[in-house]
Trainee: 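One structure, as structure tokens, below. Some questions next.
Quick note: residue numbers are just sequence positions, from 1.
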Amino acid sequence: QPRTKVFARRDVYARHLNVLVYLPRERYSASVASALARALQGSSGATHISSQTLVADGPLARVYLIAHAARYPLDLETDIQQPLLAVLDGWHNQFAALADAVFDVPMRTSLRKLCATLPADYVASTAPAVAFHDLGSLLRIEDPSRVSVRIETADDATTIRLYSVERVPALSTILPALHNAGVAIDRERAHSITVGGKRHFVSSLSVDAVSAAKLAQPNVVDVAQELFTALFNNDAEDGRLNGLVIEGGLSMREVQLVRAYMSYWRQAGSRFSVRYVAECLRKQPAVVRQLVEAFLQRFDPSLDEASRLAAQQAMHDIKRGLPAINHADSEEILGAITDLMLATLRTNYFQNQQKGDKIIFKFDTSNLALVPEPRPFREIFVFSRRFEGLHLRGGPVARGGLRWSDRMEDYRTEVLGLVKAQMVKNAVIVPAGAKGGFVCKQMPKDAVRETIAAEGEAVYRLFIASLLEMTDNRVLGKIVQPADTVCYDSADPYLVVAADKGTATFSDIANSIAVQRGFWLGDAFASGGSNGYDHKKMGITAKGAFEAVKRHFYELDHDIHATATTMVGVGDMSGDVFGNGALLSRKLKVLAAFDHRHIFLDPNPDMEASFNERVRMFALPRSSWDDYNKELISAGGGVYPRTLRSIELSPQIREALAIEETALSPEELMHRILLAPVDLFYNGGIGTYIKASSESHAQVKDRANDHIRVDGNQLRCKVVAEGGNLGATQAGRIEFALAGGRIFTDAIDNSAGVDCS
């Protein structure tokens, strides 16, 4: 029968003791056999024990033990059978005692049933108390797709135990995340246990002695379990900053708070890398914890004013004490985070029961030294795993658009540059300008256009809601501040947005969110949409730019609507500025253009056919140059992805763009397009492609286009005679036409008789 039994007898000379031990084969292991031998030697007084094992196809395993020179006499029941049965049944007896203490009857029954089916290797390597917690965790799993985590601390060993269904978590995911958090793993072992007909897995990760000491610190186990559970289920951001959980006992949300400040500082212009900042902060966990505690005290809505003032003073005291660290970089990093905390006027940290990973700050950056000039009046920064975004305002009443940026590393620089122009443009509309932008951080790789559009719209909705969470409302004429929010600024209810790159069709979405939240501006929150004007349909910016274009050609005695005009440009037909601009004359011959996806080349376009094709593409919901009808492209042209290593250039393209090489990289080809000998360069896209020769690329602050950009003095110019051909004795002028319609002229003294034809 499949149960334990011990038989013992002496040999005929009473010198040795022969013992046969039978046990269910699933409970047999080498460690069990060793434990039986040690127990027999101790109870019989033998000099040594020989053993033989038989595990056949039947339900029983047999261990044959020979106790050499066993003491005499022996009581076979009390001295032999009971000690060996205690070895076999003691584990299960201890487990049963723990299970019997469970108050929940169904859980108690399930534990007993599960205990009887445990694999022998699991029983042999796991203490009864640990197994009791393991089985309880397995029985409590509600979502089979998620991994549960429990940290088991003991005097002899500390293990991180993972519970999963039908799969073992990949070590390639687990170990880097644990390493970043500051935990080293010595060994891993996984056990399969069947629960309710499904395979459940218990993965035991044994940590080294240093990591065990860190986990044994007060209050660390709970926050570490929270972090590991989130990391292994892809609910938290992996990174070196997670070491603050183990080193300093910070919660996962508190680490996200520090990470948000670190990310904003990077956008504002930190000279340190993210990894280096994280390493410096991990070396000063006590100071970081003091800063976080002061921040929480300063913005906790449940505390009184005196407590908040004390927290603010504590931040100043912490900053004054930073030189004692005796490490210049760490002092600068911690000082910057302290300054950002002191410049924070509002935060959403205590909203929504502190759930979610989204952190929002409203800054007073007008006097913040660590951000570059010009410094906005107010700034809202939104940080989460899925996206980041910010909104900059030049004054209390300001207007400007929100753009979907693709400059992940420096989108604040992009937005800040646009704010400068917006401040001038809005002077005749509202007192000041504003601008905002967001980036999608979890866009699927090689996603199709529909997926990209859906993610962009979803992130836009989250961004709009985040801005409104930091903004006062008006209800029956009274200012209503956001719930669970401490405000260190005066009433600030004015927030309006507009459409921009990538968000031209999103105005109705923004207005619907404002109406749903009861924001006082209603559908006046976002300009455009069904109750306003559509930027793309009306093409206001492009029409304004083309007035400068027409003026330029008028001075050249060139009718842009009657005479063929060659053109290269930046943008595509889905854009507001480029799309409208490329349709404002039927005589435009677009030889080349590029956007962030493709390079379009058409060395000798048919003006009528190409114009009609541009009209068709402009009407598409979303288009790129790849949608252009390739049959309409002239010989030698084509559409090329910017991801190619090299682009072969046809003789027609080389002649049209004045290029000698037969092949160029996409970046070099775009650089040559900017220098093409054409009548018009039209920049209707995003980026800074022309700089002054006295300017460095770093000063331009558009790293994505450093290899494409040209100096203004590299642009081709036309020599224009005042009275026909510029002869040897004639005076004339030289004219430079730059982007945006700016025209520079200078007189020419040609008394030397140089041929300027």
Side-chain angles (χ1 to χ4, degrees), residues 542 545-546 548-550 552-553 556 558 560 563-575 577-607 610-611 613-614 617-618 624-626 628 632-642 647 649-661 664-691 705 707-718 735-743:
F546 246 74
V549 172
K550 289 192 292 183
H552 166 65
F553 284 108
L556 298 179
H558 179 113
I560 196 172
T563 308
T565 304
T566 57
M567 166 184 154
V568 297
V570 180
D572 59 71
M573 293 308 298
S574 66
V577 181
F578 188 95
N580 280 290
L583 299 179
L584 290 177
S585 172
R586 303 182 73 93
K587 295 298 182 178
L588 288 179
K589 299 181 71 173
V590 182
L591 305 187
F594 61 85
D595 63 2
H596 60 288
R597 296 165 292 187
H598 301 95
I599 299 175
F600 170 78
L601 301 175
D602 193 359
N604 187 27
D606 180 285
M607 284 189 294
S610 61
F611 179 84
E613 179 63 7
R614 292 198 299 272
M617 291 174 59
F618 184 75
S624 70
W625 284 117
D626 197 42
Y628 199 97
L632 300 178
I633 299 178
S634 58
V639 178
Y640 305 92
R642 285 181 56 169
I647 297 176
L649 302 178
S650 66
Q652 296 91 331
I653 284 295
R654 291 160 56 197
E655 180 181 358
L657 302 183
I659 297 174
E660 296 182 359
E661 293 88 345
L664 291 172
S665 67
E667 286 186 344
E668 181 60 31
L669 178 56
M670 290 184 288
H671 179 82
R672 299 299 185 86
I673 289 174
L674 298 177
L675 301 172
V678 295
D679 300 317
L680 173 65
F681 164 58
Y682 186 71
N683 184 4
I686 304 303
T688 306
Y689 296 96
I690 301 171
K691 70 175 182 66
N705 295 309
H707 298 293
I708 304 170
R709 191 178 301 111
V710 299
D711 288 347
N713 59 8
Q714 291 180 283
L715 293 177
R716 295 178 181 271
C717 62
K718 288 191 173 183
E735 186 171 271
F736 297 86
L738 300 184
R742 301 177 66 190
I743 299 172

Trainee: Rounded to the nearest 0.5 Å, what separation is found between the CG atom of L669 and the CD1 atom of I659?
Mentor: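 These two atoms lie 5.5 Å from each other.
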Trainee: Walk me through it: do I633 and V639 pass the test side-chain contact (heavy atoms from CB on, under 4.5 Å)?
Mentor: CA-CA 9 Å; I633 299 178; V639 178; 4.0 Å; yes
Trainee: Can you list the steps and then say if V678 with M567 is a side-chain contact (heavy atoms from CB on, under 4.5 Å)?
Mentor: CA-CA 6 Å; V678 295; M567 166 184 154; 5.9 Å; no
Trainee: What heavy-atom pair brings R642 and I599 nearest, and what distance separates the two atoms?
Mentor: CG-CG1, 4.0 Å
Trainee: Determine the interplanar angle of the H558 and F553 rings, folded into 0 to 90°, and report it as parallel if under 30°, tilted if 30 to 60°, perpendicular if over 60°.
Mentor: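 Tilted, since the angle between the ring planes falls between 30° and 60°.
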Trainee: How long is the straight-line distance from OG1 of T563 back to NZ of K587, given to the nearest 0.5 Å?
Mentor: 8.0 Å
Trainee: Between F681 and V570, does the side-chain contact (heavy atoms from CB on, under 4.5 Å) criterion hold? Intermediate values first, please.
Mentor: CA-CA 8 Å; F681 164 58; V570 180; 3.8 Å; yes
Trainee: Distance from H671 atom NE2 to N705 atom CG, nearest 0.5 Å?
Mentor: 12.5 Å
Trainee: For P603 and L591, which heavy atoms make the closest approach, and how far apart are they?
Mentor: O-CD2, 3.5 Å
Trainee: Search all heavy atoms of F611 against all heavy atoms of L583 and return the closest pair with its distance.
Mentor: CE1-O, 3.6 Å
Trainee: Applying side-chain contact (heavy atoms from CB on, under 4.5 Å) to K691 and D711, what does each step give before you reach the verdict?
Mentor: CA-CA 5 Å; K691 70 175 182 66; D711 288 347; 2.6 Å; yes
Trainee: Are the side chain of T566 and the backbone N or O of K589 linked by a donor-acceptor pair below 3.5 Å?
Mentor: no
Trainee: Atom CD of E655 and atom OG of S650: how far apart are they, to the nearest 0.5 Å?
Mentor: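 Rounded to the nearest 0.5 Å, the CD-OG separation comes to 10.0 Å.
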Trainee: Would you give the length of the straight line joining atom CD of E661 to atom CD of E668, rounded to the nearest 0.5 angstrom?
Mentor: 7.0 Å
Trainee: Mind checking what makes side chain to side chain donor-acceptor pair (under 3.5 Å) contact with D602, not counting sequence neighbours?
Mentor: S634
Trainee: Please check if the side chain of Y682 supplies one atom and the backbone of F546 the other of a donor-acceptor pair under 3.5 Å.
Mentor: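 Not at all, since once roles are kept as given, no pair shorter than 3.5 Å links the two residues.
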Trainee: Where is the tightest heavy-atom contact between G581 and L588, given as atom of each residue plus distance?
Mentor: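 Minimum heavy-atom contact is O-CD1, 3.9 Å.
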Trainee: Could you work out, with side chain to side chain contact (heavy atoms under 4.5 Å, CB included) as the rule, every residue matching R597, not counting sequence neighbours?
Mentor: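 Partners of R597 by the side chain to side chain contact (heavy atoms under 4.5 Å, CB included) criterion, ordered by chain and then number, come out as D572, S574, D595, S624.
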Trainee: Looking only at non-hydrogen atoms, find the nearest pair between A542 and V577 and report the distance.
Mentor: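 Answer, listing the atom of A542 first, then V577: CB-O, 3.4 Å.
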Trainee: Counting N and O atoms only, with roles assigned by atom type, does the side chain of S610 sit under 3.5 Å from a partner on the main chain of P605, one being a donor and the other an acceptor?
Mentor: no
Trainee: In Å, rounded to the nearest 0.5 Å, how long is the span from NE2 of H552 to CG of D679?
Mentor: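 Answer rounded to 0.5 Å: 8.0 Å.
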Trainee: Counting only heavy atoms not in E667 (residues, nucleotides, ligands), do more than 12 fall under 6.0 Å from its CD?
Mentor: yes
Trainee: Please check: side-chain N/O of W625 versus main-chain N/O of M573, any donor-acceptor pairing under 3.5 Å?
Mentor: no
Trainee: R672 and side chain to side chain contact (heavy atoms under 4.5 Å, CB included): which partner among I708, L664, L649, L657?
Mentor: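 Going through I708, L664, L649, L657 one by one, the side chain to side chain contact (heavy atoms under 4.5 Å, CB included) with R672 is satisfied by L664 alone.
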Trainee: Which atom pair, heavy atoms only, marks the closest approach of F578 to A593?
Mentor: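 Smallest interatomic distance, heavy atoms only, reads CZ-CB, 4.0 Å.
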